[in-house]
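If you read the sequence from its start, that first residue is 1, and numbering goes on from there. Side chains included, hydrogens not; waters and symmetry mates left out as well; all remaining heavy atoms used.
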Amino acid sequence: DALGGITAADVIAAEYRPHWFSLLVAEVTGTARAVTGRTGQEQDPVFHALTISGTPPEWRGPEIRTDCHLLQRFEEQAKFAGVAECAFPTWSLSRKAEDCARAFLASSNLEWKQYTVVVPFGAAGAPIKRWPAERFIATLNALRGETSDPLLLLGNAGERDGLEELARSISSTGQVAVYAGSPGDLETVCGLMAGARAYFGNDTGPMHIAGAFGVPGVAIYGGGHWPA
C-alpha cells in the first residue's frame, strides 16, 4: 500500500545482489530499467513468491567490485544508469544536537574536535561482527604510547558496564570518558560523532553516522561471509 501510485523511471539497488524488496519496488513502480551491482539476473528466490505481473524488469549493471570504497561503487552504478555526475550530500548538525553534545563534553572535560570516539560493542544482533574487547584494549594501550589524545567510549545503556570496564583497562595517560545512551539520545550521539576528531570501532550505526559527518577513522569489519 505504501508504494501505491508511485512510479519510477529507474531503480538502483545498492545491495550486492538484488534483494527481494528492491525487486518488488521495481515491479510495483513499473520501472523500465533496474540497475544492480552485478550483471545477469541474480534474483532472490523469495521474489518469485511475491511477483505480481510475472514479468519483472531485467536487471543490469557494472561488475561488482570489492576493492573500492562503497561510495565509488554507488557512483559506478549511478553512472551506468545515466547519471552524469554524482553529488553525495553532507549531513548538517542541528543546533539542539550540538548543544546536547557540547554539554556532555563539557561535563566530561572533553573538547570539540579534540577526542577520538571509540565504539567497541554495538551490533547486538550480530555478535560475530564485534572485534574482541581485549583487542580494543591492546590497540588503545599501544596508541597511548604514541599519543595521549582523549578518548570517548560510546555505546548504549546496556553496554555501560562493559564500557566502564574497558575504560579502566586503558592506560591513564590521557582522558577517557564513557557515554552510554538510550534510543532517545540519538541527537546527542549524532553530535558526539560530528564533534569527534576520529572514529575507531566496529561496523555499527555510529560508524555510519561518523562517515556521514565526514569524520575520518578506522572501522573493523569481520565475521560472516559478506564480500566486504
Next on the checklist: If you count heavy atoms of other groups shown closer than 6.0 angstrom to CD of E111, is the number above 12?
Outcome noted: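 No - once you tally the heavy atoms of other residues, nucleotides and ligands closer than 6.0 Å, there are 12 at most.
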Next on the checklist: To the closest 0.5 Å, what do you measure between CD (E134) and OG (S169)?
Outcome noted: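 Answer rounded to 0.5 Å: 10.5 Å.
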Checklist entry - Rounded to the nearest 0.5 Å, how far does CG of D185 lie from CG of N156? => result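 Those atoms lie 10.5 Å apart.
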Minimum side-chain heavy-atom gap [X]-[Y] below 4.5 Å:
X    : Y    : result
F136 : L166 : yes
L192 : L105 : yes
P206 : L154 : yes
M193 : L93  : no

Checklist entry - Taking it one step at a time, do H208 and D203 satisfy side chain to side chain contact (heavy atoms under 4.5 Å, CB included)? => result CA-CA 8 Å; H208 294 289; D203 172 18; 3.9 Å; yes
State plainly whether one hydrophobic cluster holds both [X] and [Y], where clusters connect Ile, Leu, Val, Met, Phe, Trp and Tyr through side-chain heavy atoms under 4.5 angstrom apart.
X    : Y    : answer
F121 : I137 : yes
V118 : F213 : no
L186 : V215 : yes

Checklist entry - Going by the angle between their ring planes, with limits at 30° and 60°, are Y179 and F104 parallel, tilted or perpendicular? => result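 Geometry flag for F104 against Y179: perpendicular rings.
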Checklist entry - With the threshold set at 4.0 Å, does a side-chain nitrogen-carboxylate oxygen contact exist between E159 and R130? => result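 A salt bridge links E159 with R130.
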